[in-house]
Amino acid sequence: MKCGLSLDVRDIDETTINIDPIQVGGRLTADAMKAVIAYGDGYSVCDNCRKPNRLDMIKSPPIDAFHRDLAAFVNMDEARVVPGARRAFQAVAGTYIEKGDPVLLTALSHYTEFLSVEAYGGVPLEIQKSSENIITADAAGEKIDSVKREYGRPPKLLYVDHFDYQFGNEHEVKGIIKVAKQNDIPVLYNGAYTVGIMPVDGRDLGADFVVGSAHKSMASPAPSGVIAVTKERAEEVFRTTKAQADLTKRTFGIKEVEMMGCTLMGVTLVGMMASFPHVRERVKHWDCHLSNGRMIVDALLAIDGTTVKSEYPRKHSLTRIDTTGSFDTVARTHKKRGFFLTSALKEKGIAGTIPGATKVWKFNTYGMTDAQARYTAKAFQDIALQNGLIVLR
C-alpha cells in the first residue's frame, strides 16, 4: 500500500508491539485519527475565527475551552498550545534571557533546552548529576551558590526535567524548585515524559512554567506541545504586541509576541484536542503502565549478564538497559552480528529497538496491555534461550 506514488503506508503501531523510546506516548487515539482526516487542511480550525482573531479564543471548534482545560490539567493558571516542547523553551527563554545571563540546566538536560538558552545569548550552566545519574536538590543549591559567586547574581532561569530522556530517571524536582525559589529563580518544569502519561501538578511542585510534549506524551500529531504558567508569569510570557508600523501605522491587536500570533493550526491542534479526554483518563492509570514496564525489565534482568543503567526499581516506563554481557555476546559470533536481536524481535512482532544495538539501548513500554507486556517479557527470554544464554528465573 502507498500514500501516493512513493510514500509507504506506516503500520508499525497497527502490526507490532512498538517499544520505541520516543514514540509510544504519542500514538494517536482512534478519535484523533478521525479528527486528522476531518481537519487535515492547513487552516481548518480557522473556519469560525472572529475578532480579536486569536487561536485560543476560537469557540468552534471549542479551542478556547480546550486551553482552559489544559491549564487545569496540570493545575496552572493559563496555557497555550505550541509546536512542541522546544518552542515552549524558546518562548520562556525569549521572555527572560538577555545576553550574558547565566542559566541553569542539568547534566541530563535535552539539547533543545541548551539551544533555547544559546538563541538569546544566555550562558548555559549544568547542575552535576550524582553517580546514580540523579539530579539532587543539594547539587542544585551548590551550583546556584557557585553561579552567584562567579556572576555576582543568581541564575536568570532554571530548567529541570522531571524524568530525563537518557535514563528515564526521576529527579528531585520539588526540592530543586524549592531551592530555586529561595533564590528568586523562576523554574521551567520540563514534563516531556510526564505531562500526558502521569499526573502532574505544577502548583504543588511550585513551578512557574510547565511544559509538555504532546507528540511525545499526549497522543497527538507532531509538532505539538503545551506550556502552562502561573498568572504572574502569564502577563510576561503571553505578553501582547505593542508594535506599530511606521508607514501604515498598523497595529496587530492582541497577538502574543512569543506565540508569534497563532501556533497550532489544523491537524495538530484537533488531533491533540480529540485525544485529550483519553489522555486525561489514562494518567489515572500510571501505576498499571509502570507495573507492566517493571515486568519487562525484570524479565531482561533475569537473562544472565544483563544489567539496568536506569535507577532500579523503575519509576518510569522508559528504561536504559545494558546487554553487553548477554545479547552482545551472541552478536559477536552471530552471522547477523548485532542485527540478530532486532531481527528476532521483528519475527515475534516487536519493533522499536535501534537496529544493531546489543550493548546499551533504550526502550519504552508505555501503553501496553497486560497481555502485551507478558508476551514481550517472554519474547526477550525466549530469544535469549534460543541463542544459548542463561535465564536465571
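What you see is a predicted model; the values in this text were computed from it and never measured. In what follows, every heavy atom counts, from backbone to side chain, and hydrogens, waters and symmetry copies are set aside.
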Any Lys/Arg nitrogen of K249 or D246 sitting under 4.0 Å from an Asp/Glu carboxylate oxygen of the other?
-> no
Roughly how far, to the nearest 0.5 Å, is CZ of R282 from OG of S275?
-> 7.5 Å
What are the two closest non-hydrogen atoms of E113 and L105, and how far apart are they?
-> CB-CD2, 3.4 Å
For residues 160-168, which side-chain N or O atoms pair as donor and acceptor with protein atoms under 3.5 Å away, sequence neighbours left out?
unit_1, atom_1, unit_2, atom_2, d
D161, OD1, N190, ND2, 3.1
H162, ND1, Y189, OH, 2.6
H162, NE2, E170, OE2, 3.1
D164, OD1, N169, N, 3.2
D164, OD1, H171, NE2, 2.8
D164, OD2, Q166, N, 2.9
D164, OD2, F167, N, 2.6

For the residue pair F73 and F276, is the inter-centroid distance of their aromatic rings smaller than 6.0 Å?
-> yes
Sequence neighbours left out, what pairs pass salt bridge (Lys or Arg N to Asp or Glu O under 4.0 Å) with at least one residue falling in residues 321-334?
-> K309-D322, D328-R332
Taking NZ, NE, NH1 and NH2 as the nitrogens, is one of them in K156 or D101 under 4.0 Å from a carboxylate oxygen of the other?
-> yes
Considering non-hydrogen atoms only, spot the tightest contact between I227 and V237 and give its length.
-> CD1-CG1, 4.3 Å
Do F114 and F89 pass the ring pair (Phe, Tyr, Trp, His ring centres under 6.0 Å) test, and can you show the C-alpha distance, the side-chain angles, and the key distance before you say yes or no?
-> CA-CA 9 Å; F114 283 87; F89 302 155; over 10 Å; no
Will you find, in the side chains of S326 and T306, an N or O donor that is under 3.5 Å from an N or O acceptor?
-> yes
Decide, yes or no, whether a salt bridge links D77 with R203 under the criterion of side-chain N to carboxylate O below 4.0 Å.
-> yes
Ignoring hydrogens and geometry, is there a side-chain-to-backbone donor-acceptor pair from N292 to A373 under 3.5 Å?
-> no
Sequence neighbours excluded, which residues qualify as salt bridge (Lys or Arg N to Asp or Glu O under 4.0 Å) partners of R54?
-> D56, E256
Using the ring of each side chain (for Trp, its six-membered ring), is F363 parallel, tilted or perpendicular to F380, with breaks at 30° and 60°?
-> tilted
Which residues satisfy the ring-ring contact (aromatic ring centres under 6.0 Å, His included) test with H289, sequence neighbours excluded?
-> Y366
Donor-acceptor pair, side chain of S220 and main chain of M218, under 3.5 angstrom | yes
Considering only NZ, NE, NH1 and NH2 on the basic side and carboxylate oxygens on the acidic side, decide whether E78 and R80 come within less than 4.0 Å.
-> yes
What pair of heavy atoms forms the shortest contact from T358 to G338, and how long is it?
-> CG2-O, 3.3 Å
Between the side chains of T353 and W361, does any donor sit under 3.5 Å from an acceptor?
-> no
Sequence neighbours excluded, every pair satisfying salt bridge (Lys or Arg N to Asp or Glu O under 4.0 Å) that has a member inside residues 347-361 | none
Identified side-chain contact (heavy atoms from CB on, under 4.5 Å) partner of Y159 from the options V117, V187, V211 = V117
What pairs meet the salt bridge (Lys or Arg N to Asp or Glu O under 4.0 Å) rule with one or both residues in residues 181-191, with sequence neighbours excluded?
-> K181-D208
Should the pair E236-R239 be classified as a salt bridge under the 4.0 Å nitrogen-to-oxygen rule?
-> no
